[in-house]
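Please read the structure below before turning to the comments.
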Amino acid sequence: DVKVTQSSRYLVKRTGEKVFLECVQDMDHENMFWYRQDPGLGLRLIYFSYDVKMKEKGDIPEGYSVSREKKERFSLILESASTNQTSMYLCASSFQAGGRYEQFFGPGTRLTVL
Amino acid sequence: GIQVEQSPPDLILQEGANSTLRCNFSDSVNNLQWFHQNPWGQLINLFYIPSGTKQNGRLSATTVATERYSLLYISSSQTTDSGVYFCAVGTGTASKLTFGTGTRLQVTL
């Protein structure tokens with residue numbers, strides 16, 4: 001079974017703190033993704049990575065950065081957390097080619113910024 | 001960008017009833033997935049179905065890519081089927097997903 005894990009289920013941080021959200025997958029997937037989910041706005045793509053050290057902006061990258069130093073690990077970084085970044089963050093991974101684009105999601109991290 | 005619309009937005013069923021959820025999308029896709037979001041927020045994969053028909057137990061799905069819609073069928077619904085169902089479509093080489101706004105299903109006794 002595909003397994004995508006996220007470092008925390010719940011996280012509480014203060015405004016201005018630097019926040020790291022970690023995601024690890026065990027299926028040797030090339031693609032990894034970070035989404036956020038907000039009531040009334042649905043799920044939106046923040047960043048994705050298609051290879052180690054490669055990244056592309058999604059629909060809402062402002063205020064975020066990412067790091068992918070190893071194939072299995074994709075980190076989302078909030079350089080200076082703000083209250084409007086309080087949200088549910090979901091990581092996903094998938095293969096890149098061969099028609100196998102199915103994405104698998106981690107359990108999510110509920111981040112509260114006070 | 002691509003638009004994804006789901007209907008109905010809300011659905012209340014009695015246990016044992018059948019239902020059909022619809023997903024319309026505005027452009028060609030290379031990925032279409034149906035998810036069930038559980039009460040803890042995790043997205044559970046139901047179907048990967050960019051075209052054709054699949055069945056898994058009481059659930060089945062059909063995607064008609066040429067007409068840009070997909071249907072999710074739930075038969076003999078159970079209370080554990082309650083939750084939010086999302087349709088998401090992907091395009092391009094990385095097949096980034098664009099999500100619909102979901103159908104909130106409540107199954108009552």
Side-chain angles (χ1 to χ4, degrees), chain A residues 1-6 8-11 23 27 29-51 54-61 68 74 87-111, chain B residues 1-10 21 23-52 54 56 61 63 65 70 72 83-104:
Chain A
D1 274 355
V2 175
K3 193 159 187 184
V4 181
T5 57
Q6 294 183 228
S8 306
R9 292 301 305 274
Y10 299 93
L11 208 52
C23 176
M27 278 300 292
H29 285 162
E30 294 90 359
N31 294 335
M32 296 188 75
F33 307 83
W34 276 106
Y35 298 86
R36 64 178 280 177
Q37 183 177 19
D38 301 287
L41 296 174
L43 285 99
R44 296 174 291 168
L45 180 65
I46 305 171
Y47 264 100
F48 73 100
S49 168
Y50 51 91
D51 202 350
M54 306 305 289
K55 61 186 179 184
E56 281 194 22
K57 294 179 180 179
D59 300 319
I60 50 164
R68 193 165 179 201
F74 191 35
S87 187
M88 173 70 147
Y89 290 88
L90 292 152
C91 174
S93 69
S94 74
F95 287 114
Q96 195 170 81
R100 297 182 296 169
Y101 297 120
E102 184 176 8
Q103 288 188 27
F104 296 87
F105 282 77
T109 296
R110 290 192 185 275
L111 173 66
Chain B
I2 194 166
Q3 304 298 313
V4 184
E5 294 181 355
Q6 290 186 243
S7 60
D10 296 281
L21 282 58
C23 173
N24 293 332
F25 46 97
S26 61
D27 205 346
S28 300
V29 300
N30 57 15
N31 182 3
L32 190 145
Q33 294 184 241
W34 284 98
F35 298 93
H36 178 210
Q37 190 165 40
N38 68 20
W40 297 271
Q42 173 138 26
L43 288 171
I44 308 299
N45 289 38
L46 297 177
F47 293 102
Y48 170 65
I49 187 166
S51 64
K54 290 186 178 179
N56 185 4
T63 297
S70 184
L72 176 69
V84 183
Y85 289 80
F86 288 102
C87 167
V89 300
T91 59
T93 53
S95 200
K96 298 167 287 183
L97 289 179
T98 299
F99 282 78
T101 51
T103 293
R104 185 174 299 274

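Protein chains get the first letters and strands the later ones, always in sequence-line order, with residue 1 at the start of each. These values consider heavy atoms only, across backbone and side chains, with no hydrogens, waters or symmetry-generated copies. Note that the structure is predicted; figures quoted are calculated from it, not measured.
Residue contact with chain B, scored on non-hydrogen atoms closer than 4.5 Å, involves the backbone and the side chain of A:Leu43 alike.
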With 3.5 angstrom as the limit, list the donor-acceptor pairs from chain B to chain A, or say none if there aren't any.
residue : atom : partner  : partner atom : Å
B:Asn31 : ND2  : A:Tyr101 : O            : 3.2
B:Gln33 : OE1  : A:Gln103 : N            : 2.7
B:Gln33 : NE2  : A:Gln103 : O            : 3.1
B:Gln37 : OE1  : A:Gln37  : NE2          : 3.0
B:Gln37 : NE2  : A:Gln37  : OE1          : 2.8
B:Trp40 : O    : A:Arg9   : NH2          : 3.3
B:Gln42 : NE2  : A:Phe105 : O            : 3.3
B:Asn45 : ND2  : A:Glu102 : OE2          : 3.0
B:Asn45 : ND2  : A:Gln103 : O            : 2.9
B:Tyr48 : OH   : A:Gly99  : O            : 2.7
B:Tyr48 : OH   : A:Tyr101 : N            : 3.2
B:Ser95 : O    : A:Gln103 : NE2          : 3.2
B:Leu97 : N    : A:Tyr35  : OH           : 3.4

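Applying the side-chain hydrogen bond (donor to acceptor under 3.5 Å, both in side chains) test to B:Asp27 and every residue at least two apart in sequence or in another chain returns nothing.
Residues A:Leu90 and B:Leu43 meet the side-chain proximity criterion, which asks for heavy atoms closer than 4.5 Å.
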